[in-house]
Structures are given as structure tokens and as C-alpha cells.
Amino acid sequence: MLSVRMQRDQGLGRLLVLLVLTSGYLVSDAESIDYSDVIPDSFSFASAEPLPEFQLEPKDGFIVKNRPVQLRCRASPATQIYFKCNGEWVNQNDHVTRESLDQITGLVVREVDISVSRTQVEELFGLEDYWCQCVAWSSAGTTKSSRAYVRIAYLRKTFEQEPLGREVRLEQEVLLQCRPPEGMPPAEVDWLKNEDTIDPSQDSNFLMTVENDLIIKQARLSDTANYTCVARNQVAKRRSSTATLIVYGEQHTLCVSLPISTKAHTHTQDIIFLDGGWTDWAKWSACGTECTHWRSRECQAPPPRNGGQHCSGSMMESKNCTDGLCTRRLSRPRQHCVEPGMGVTVYAGLVGALLLCVVLVLCVGVLAYRRNCRHLHGDITDSSSALTTAFQPGNYKPPRQDNPHLLHPSAPPDLTATAGTFRDPLFSLQQGANDGHHKIPMTTSPLLDPLPSLKIKVSVDVHHSLSREPGHSTSVTLGNLGGRLAIPNTGVSLLVPPGTIPQGKFYEIYLTINKWEKTTLPSEGSQTVLSPVVSCGPSGMLLSRPVVLTLPHCAQLDTPTPDWTLTLKTQTHQGAWEEVLTVGEESLSSPCYLQLEESNCHVVMEQLGTYSLVGQSCPPQPACKRLQLALFAPRAPCLSLDYILRIYCTQDTPHALREVLELERSLGGVLLENPKPLLFKDSYHNLRLSIHDIPHSQWRSKLLAKYQEIPFYHIWSGGQRLLHCTFSLERGSLAVSQLSCKICVRQVEGEGQIFQLHTDIQETLSPCSSLPSGGTCLSSSQVGPYAFRLPTSIRQKICASLDAPSARGCDWRLLAHSLGFDRYLNYFATKPSPTGILLDLWEASHQGDADLVSLATALEEMGKSEVLVVMATDGDC
């Protein structure tokens with residue numbers, strides 16, 4: 001060991017001697033050169049390269065739908081930098097690397113990006129979330145960044161706890177609880193008051209807790225509103241059900257936003273909340289077989305009213321009636337006063353009475369069945385007999401033999417008769433003295449087209465066997481000749497052109513306006529319902545050519561720039577709504593064509609079902625809906641000091657106003673003025689109603705606030721019907737009979753209307769008997785040629801002249817341009833007869849003023865003089 005150390009010391013000594021000699025030689029060789037300018041006074045030796053330091057570390061990310069997440073990190077100094085995910089190195093080709101030089105330190109800065117897709121995250125198995133880490137190298141070693149976790153973002157639809165509506169007293173503390181749906185990242189919660197966001201920093205009376213609950217410290221009358229909990233994260237936004245909070249004192253007034261009761265006594269809005277009270281106990285009952293008797297009481301002294309508290313306690317009370325001598329454990333002779341044999345007799349009598357009832361029901365059923373079968377000859381009829389007798393769906397009743405005007409059912413029709421009649425909705429060859437203007441010449445009647453010897457299967461829509469309310473639906477049996485269905489005073493109609501139903505088949509076609517409370521809304525999000533929800537059927541029926549459904553709408557369309565995105569929706573058999581067509585986005589695969597007019601839309605479609613028109617604003621301009629304001633008062637003379645005025649806000653469609661008039665007619669109300677129009681803008685501002693210029697010496701208003709408001713969302717959604725506000729007035733004495741005032745209705749920061757009222761409340765006002773103009777008053781059903789303004793012969797001549805393409809463009813395309821039906825010509829081009837579809841659309845759009853002048857003018861501009869000659873000869877121009 002010592003020898004080794006000596007050898008090492010000797011080697012070091014030789015090395016030092018060599019260095020001294022070498023340095024001495026260099027100095028002696030350069031004595032004449034001065035290095036004072038280039039050699040510093042002292043030398044600073046550079047230290048080793050430091051470890052990489054991360055200037056930017058990867059951050060946690062969430063995958064929204066299918067969009068990948070970008071992870072980025074940056075380190076200096078770094079010769080290499082890579083990502084490691086879940087313990088495995090990411091492929092070098094998946095990295096995007098950038099290199100730069102730090103201007104201050106002069107060190108190399110490297111930055112790298114990678115993308116993480118949804119598939120990568122979903123393919124990870126295990127309890128740990130998907131994570132990635134950045135690793136950087138330098139000559140001094142490696143450095144790792146913190147882990148960044150990548151998760152799939154989501155938000156459930158169901159709230160764990162939704163707020164509940166309450167009725168509270170003035171200045172009471174209110175707690176509205178909300179637990180948002182489960183989500184990743186956790187949802188943030190906002191509270192809405194009548195669709196306006198609550199900001200506790202602006203109103204110190206509100207407080208939001210860490211658990212997302214809303215606390216109202218002291219309830220005020222102005223806090224009466226609809227409250228909604230809104231949860232949102234990066235994926236979606238969810239709304240809870242609306243909780244209605246009603247704040248009351250001894251007496252309070254609210255603006256009703258729901259349909260009022262049809263009972264005549266619900267005319268006032270001054271609601272007194274009254275708790276219930278028990279009546280005195282009734283007398284004890286007789287002692288029963290269980291050795292007990294009982295007594296009862298009712299919560300009727302007084303009964304709870306207008307949301308008051310129900311009585312607390314039990315309605316019935318029982319106790320032993322034998323002072324303990326008889327209990328349930330005693331022997332049977334002591335507990336029962338009837339002998340066992342008596343029970344058997346009673347049961348035998350009951351069984352006998354039940355059997356007698358069953359026999360009577362069977363007898364009545366057999367008699368009714370035999371009576372029906374006496375006139376029932378099946379649902380298969382011969383074609384000739386179907387033409388010579390009245391047609392009814394489901395059965396066929398042969399003609400009486402003693403009627404000389406009817407043909408024998410087995411004999412062929414006599415084609416030598418001079419004339420026949422066409423009655424709606426039945427086919428008949430009967431002739432009356434007063435039917436001259438309704439007659440069809442037998443020589444040209446389409447009823448006499450030769451028919452093959454076939455059997456006609458009568459089809460009835462079993463799906464639509466549900467009851468239909470009169471005035472809101474209509475139905476008629478149609479065949480190959482077609483027809484028209486219209487619900488009077490609603491603007492809703494269905495045109496079934498000739499040839500739509502195959503030859504030899506008959507269907508019961510129906511048209512119904514669905515009730516709002518019995519159907520789901522077709523709108524979602526910011527969409528609004530613009531038309532009634534209409535069903536036509538039978539659904540699934542095979543049509544040989546399109547039909548035309550006409551729907552009234554309340555969209556304001558006269559602006560120079562398009563501010564509506566209009567969508568036609570249909571309801572599936574499961575009740576869900578699906579988009580059929582968006583106006584302006586038609587393609588060759590579009591199943592229908594939609595023609596828009598100022599107050600109606602006409603849908604050319606090949607599938608019957610349930611349809612409605614919805615819309616939403618098209619930025620940057622907000623869209624406007626047309627509303628109607630209707631003012632009502634009691635029709636009978638006022639005999640009390642109180643007087644009620646009701647003002648309704650409805651969509652500007654005939655059907656909506658008709659609903660209001662029917663309701664007020666049942667309540668004994670009368671329309672004071674013609675309804676006034678109002679444009680309601682998509683601006684999230686409420687509708688404000690106020691009453692002014694009341695003669696305070698004779699009248700006073702019971703309204704506590706200066707005005708009432710209907711929330712914006714209630715109006716814009718279109719789903720709440722019969723929206724109204726009530727003004728309760730009180731006169732000073734019964735001698736006061738004259739009332740004059742003004743009622744102002746306007747949208748906040750929008751348009752408005754003023755009702756100037758002058759009335760004598762002691763007079764009996766005439767009821768609102770007629771509907772205002774706007775709805776069609778056509779017959780509910782028209783069958784065959786009388787349903788169409790254009791005769792069949794003229795229609796065929798026009799189609800033959802214009803269907804064939806013309807090199808000069810003088811064909812059906814020019815007709816569509818002249819009639820204003822040229823928004824999407826490709827739909828008509830795919831049909832066997834484009835001109836026929838255009839004429840059907842013309843028939844539907846001119847049902848109220850059906851004359852041939854507009855069509856003749858269009859043909860004259862096209863230079864189709866030969867068609868004009870035919871129209872002048874065969875038609876009535």
C-alpha cells in the first residue's frame with residue numbers, strides 16, 4: 001500500500017516539473033509582447049450547466065364532447081423534453097417541439113405540445129385518472145414537472161335537489177335549496193328571479209351559501225317571483241324546475257300568469273290566506289263488532305282557503321264502548337251478536353244478486369249486438385253499390401227497395417241519368433228540387449270514370465279513435481277525388497288534392513288542434529312556439545302525392561333583414577319532437593316545402609302527423625312576435641262596490657284569441673274594445689301593465705304596487721296560454737256608475753299600447769258574439785270538385801302546357817316565380833308534375849279569396865294565351 005502511494009507521488013512530481021518548464025519556456029519566448037489589454041486582472045471559471053427549470057408546466061384539462069385537450073410545457077436549459085403519460089413515453093412523432101434562446105441568460109429554451117384524445121382517456125383501465133407529465137434533460141440531469149390530469153367533462157341532467165315553491169309571510173326568512181347535477185368539472189350555480197340573474201352584491205337581501213342555496217333574509221312583496229336554479233360547466237347548462245315564491249301580508253295582489261278558473265266567482269285577485277279549523281266532534285257511533293265506537297270531525301270551521309294551513313290532528317277518534325268488558329281477545333259469543341248461520345245466508349244472497357246482474361248485462365249486450373247486425377253487412381262493398389248509395393266508413397247499409405230514386409244494389413249504375421248531386425261528405429245520386437246549383441253533370445262527373453270490378457276496403461283510423469272537441473277538430477271521409485278540411489275561425493286547414501288517395505280507397509281524414517296542457521312543447525332553449533300544434537291523420541297513410549297543411553303563425557316577417565330562424569318540427573309516436581325543415585337550409589333530401597306568408601305558412605308534405613312551427617332570433621337583430629291585447633269587463637251590471645278589469649296577452653293567431661273569447665264567455669265577460677296589436681321583442685324584458693287617470697274621488701285601485709308584470713319567458717316560450725293580469729277597483733259608493741281610466745301595456749324598453757276606457761258599469765254590455773277578422777270561416781269540410789277553385793279540366797291543361805321544360809324558360813319555373821313560390825325550386829323539380837304541386841299550393845294560399853284572377857294574370861305574363869282561352873271557356877275567371 002505504501003509503495004503504491006509513493007509511486008503516485010513520484011508521478012505527480014514529474015508532472016509539476018514538466019508544467020513549470022513548459023510555462024517558463026512560453027513566458028521567455030514572449031517577453032517582448034504586452035498582454036495587459038486582453039488579460040483581465042483575475043479569472044472567473046464558468047460553473048457547470050444547471051438542471052432544467054420549468055417555465056410552464058402542463059395544466060389539468062377536460063375533454064368536451066370529442067374535442068382533444070392540448071398539453072404544453074416549457075423548460076430551460078433543456079437539450080431534450082418529452083411527455084410521459086400514465087408511466088409510458090409518448091411517441092416522439094406526437095410531439096410538437098419549438099426551440100428558442102433566452103435573451104437574458106443565453107440558455108436554450110424548449111417548448112413541447114401534445115394532444116390527448118377522448119379515445120385515449122376512455123381506453124385507460126384502472127382507478128387512477130389519465131395523467132401526463134413532462135420530463136426535461138440537460139447535461140446536469142433531468143427534471144420532472146407536476147402531473148396534469150385529463151378527464152372527460154360531463155353534466156348530468158337531473159338535479160339532486162330542486163327548489164320548492166312556498167308561500168311565506170312578509171319579512172320572513174326564506175331558504176330555497178338547490179343541489180346541482182353531478183358533473184365534471186363540478187357545476188357552478190346561479191339563481192334566476194323571473195329570468196334575471198340574482199347578484200347578492202347588488203341586493204344585500206339575497207345570500208348564496210357555499211352549498212348553492214339561496215337565502216332571502218327578509219321577504220318583501222317585490223320578492224314574489226319565479227325562482228330557478230341554473231347549473232353550468234364547460235359542457236352544458238341545466239335549469240331546475242321553477243319554484244314560485246309568494247309573499248303575503250294580510251292582503252296582497254298578484255299578477256296571474258296561469259289560466260284562471262272557469263268558475264264565475266273567481267273574479268278577484270285580492271286573496272286572503274285563511275287557516276283551517278276543526279268543527280265540534282260528532283256523536284259517538286253505535287258499538288261495533290270490534291267492541292269499539294268512533295266519532296269524527298271535519299276541517300270546515302273555517303275550511304282552509306287560498307293556501308292556508310290545513311288543520312293539524314286526527315279526523316277520527318275511537319275507544320272501547322264496553323268499559324273493558326269486551327275486547328278483541330274475548331270469546332266469539334261475546335264479540336259477535338249474529339249467529340254463524342246468518343253470515344252464510346248474507347253471502348249467498350250477495351252471490352245470487354251478482355249472478356243476476358251478470359245475466360242482465362249479457363242479455364242487453366246480445367240484444368244490442370243483434371240490433372246492430374240487422375243493419376251491418378260487413379266492411380267490404382261492391383264498387384257499383386258504393387257509388388249509388390251513401391258512403392259511411394266501417395259499414396254499408398243497402399238502399400230501401402221502396403225508394404224509386406235509388407238503384408238496386410245488384411244492378412249496374414244507370415249512366416243515362418241527366419244529373420246527380422255531390423254532397424259533402426257523402427256520395428249520392430239522389431236529386432232534390434232545391435239542389436240545382438250544387439249539381440254535377442253526369443256526362444263530365446269524375447264519379448262516372450270506369451271502375452274495374454273490384455272490392456273496396458273501407459279503412460278507418462283506429463289510432464285516432466280518441467274524442468275530439470267540437471270547434472277544435474274536424475274529420476271527413478275522402479277518396480280519390482280529394483277535398484279540403486278547415487277548422488272554422490282558426491286559420492288551420494288541410495288540402496288533399498285529387499289523386500292523393502289511391503283509386504278505390506277511402507279514408508277518414510282528421511284535423512285537430514292539440515290542447516297545450518295535453519302535449520309537450522316543441523320549443524327548446526331560446527326557441528319560441530309560433531303556431532298551434534296541429535295533428536292530421538291517419539298517420540302512416542300512404543299518399544300518392546303531397547298534401548298542403550296551412551298553419552297560422554305570429555312571427556313578424558316584414559323586416560328588410562332576416563331576423564328569424566324558422567324550423568318546422570314533427571312529433572314522433574314516443575312524444576319527442578324532431579326537426580323536419582329549417583327555412584333557408586333546404587336540400588334535395590328535405591321531405592317537405594314550406595311557403596311563408598305574413599300570417600300563415602303552407603307546408604307541402606307527403607307524411608301526415610303532428611306539426612308545429614318554432615323560431616328563434618337570428619343575430620344580430622332580435623326577432624319580434626305579434627301579440628294581441630284584449631280587455632274584458634263583467635257583462636252584467638255591477639251590484640257591488642268592487643269592479644274587475646282583465647287584460648289578456650295572447651299570440652296574434654285566430655285560435656289563441658278564440659280561446660280567450662270562449663273562456664270569457666263562460667265567465668260572463670265582455671270584450672270592451674277590439675284587440676290591440678303589440679310587437680314583443682326578444683330582449684329579455686318583461687311586459688309591464690299599469691292603470692292611470694282613475695278619478696280618485698270616486699274610485700280607488702286595490703293594487704299595492706304601481707304596476708304588474710308578466711315575465712318575459714312566460715310570453716316568449718309560447719307554452720303558457722291565457723296569460724293575463726287583473727285590475728281590482730273599488731268605487732266609493734253604489735251611486736257611482738261612470739268609470740274612465742287608461743290602461744298602459746308595454747314591454748320594458750319596447751313598444752306599448754294604451755286602452756282608453758269610458759264605461760257605465762250599471763249598463764248590461766252586449767256579449768262578444770263574433771270573432772274578430774283573421775280566421776277563416778269556411779265550412780269544416782269540403783269534398784270532391786267543390787273543394788277546389790280550379791276545375792279539373794283547366795288544371796290538366798295547365799299541367800300539360802307547363803310541365804315540359806322550355807328552352808326559353810317559359811315553363812313551371814316561370815309560373816313559380818310569378819306566384820312567389822320560387823324560394824327552393826329543386827323541391828318541385830323532383831316531382832312528376834311540378835305544375836300540379838304549384839297549383840295545389842296556390843289553392844291552399846288562396847282559400848279565403850279564391851278567384852282565378854291572380855293565376856290568369858301570371859299565365860298572361862308568361863304568354864300562355866291558349867291556357868287563358870281554356871280558362872275563359874271552362875272556368876269562371
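Computed from a prediction, not measured in an experiment: that's the story for all the values here. Worth knowing before you read on, the calculation uses all heavy atoms, side chains too, and leaves out hydrogens, waters and symmetry mates.
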Does V748 form a side chain to side chain contact (heavy atoms under 4.5 Å, CB included) with E709? I'd like the steps, not just the answer.
CA-CA 10 Å; V748 179; E709 285 190 347; 4.1 Å; yes
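- Checking side-chain atoms of W577 against main-chain N and O of S523 turns up no donor-acceptor pair under 3.5 Å.
- Applying the side chain to side chain contact (heavy atoms under 4.5 Å, CB included) test between V69 and each of V64, V121, V150 identifies V150 as the sole match.
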Would you please test V604 and F828 for side chain to side chain contact (heavy atoms under 4.5 Å, CB included) and show each step?
CA-CA 10 Å; V604 184; F828 304 99; 5.5 Å; no
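- Distance check: I63 CD1 to Q234 CD gives 11.5 Å after rounding to the nearest 0.5 Å.
- Rounding to the nearest 0.5 Å places OG of S100 at 8.0 Å from CZ of R74.
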Could you please spell out the steps behind the side chain to side chain contact (heavy atoms under 4.5 Å, CB included) verdict for R626 and H553?
CA-CA 9 Å; R626 300 192 319 273; H553 68 80; 4.2 Å; yes
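- No more than 12 heavy atoms of other residues, nucleotides or ligands sit less than 6.0 Å from atom OH of Y684.
- A donor-acceptor contact closer than 3.5 angstrom is absent between the side chains of T242 and N226.
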What do the steps show when you test Y593 against F821 for ring pair (Phe, Tyr, Trp, His ring centres under 6.0 Å), and what is the final call?
CA-CA 10 Å; Y593 175 83; F821 302 155; 7.7 Å; no
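- At most 12 heavy atoms of other shown residues, nucleotides or ligands fall within 6.0 angstrom of atom CG in L164.
- Classification of K831 and E606 as a salt-bridged pair holds, one side-chain N sitting under 4.0 Å from a carboxylate O.
- With no hydrogens or angles considered, no side-chain donor-acceptor pair links E579 and T567 at under 3.5 Å.
- Using a cut-off of 4.0 Å between Lys/Arg side-chain N and Asp/Glu carboxylate O, R220 and D223 are scored as salt-bridged.
- S117 and T119 form no side-chain donor-acceptor contact under 3.5 Å, judged by distance and modelled atom types alone.
- Note: C132 SG to E88 CD = 11.0 Å, rounded to the nearest 0.5 Å.
- Relative orientation of the F206 and Y227 rings is tilted, given thresholds of 30° and 60° on the angle between their planes.
- Distance CD/E585 to CG/L566: 11.0 Å, rounded to 0.5 Å.
- The distance from the CZ atom of R147 to the CG atom of N86 is 8.5 Å, given to the nearest 0.5 Å.
- Between the NZ atom in K193 and the CD1 atom in I198 there is a gap of 7.0 Å [rounded to 0.5 Å].
- Annotation for K65: atom NZ does not count as buried by contact number, only 12 or fewer foreign heavy atoms lying within 6.0 Å.
- A cation-pi contact, defined as under 6.0 Å to the ring centre and within 45° of the axis, is absent between K84 and Y82.
- In this structure, Y510 and S473 have side chains that are not in contact, with every pair of non-hydrogen atoms separated by 4.5 Å or more.
- Counting heavy-atom neighbours within 6.0 Å of Y713 OH, excluding the residue itself, gives a total of 12 or less.
- Tested against P552, the residues L530, N600, V534 include a single side chain to side chain contact (heavy atoms under 4.5 Å, CB included) partner, N600.
- Between K625 and D652, no side-chain nitrogen of the basic residue sits less than 4.0 Å from a carboxylate oxygen of the acidic one, so the salt-bridge criterion is not met.
- A 4.5 Å side-chain heavy-atom check between P181 and F159 finds at least one atom pair inside the cut-off.
- Checked by atom type, the side-chain pair T550/H602 shows a donor-acceptor distance below 3.5 Å.
- No donor-acceptor contact under 3.5 angstrom links the side chains of Y648 and Q628, judged on distance only.
- At most 12 heavy atoms of other shown residues, nucleotides or ligands fall within 6.0 angstrom of atom CD in E53.
- In K681, the NZ atom is not crowded: 12 or fewer heavy atoms of neighbouring residues, nucleotides or ligands sit closer than 6.0 Å.
- Using cut-offs of 30° and 60° on the angle between ring planes, the pair F712 and F680 is parallel.
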Please evaluate residues F62 and N233 with respect to the criterion side chain to side chain contact (heavy atoms under 4.5 Å, CB included), reporting the C-alpha separation (whole Å), side-chain torsions for both, the decisive distance (0.1 Å), and the verdict.
CA-CA 11 Å; F62 296 94; N233 64 1; over 6 Å; no
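- The side-chain heavy atoms of Q571 and T520, taken from C-beta on, include a pair separated by under 4.5 Å.
- Taking the six-membered ring for Trp and thresholds of 30 and 60 degrees, H472 and H655 have ring planes more than 60 degrees apart, a perpendicular arrangement.
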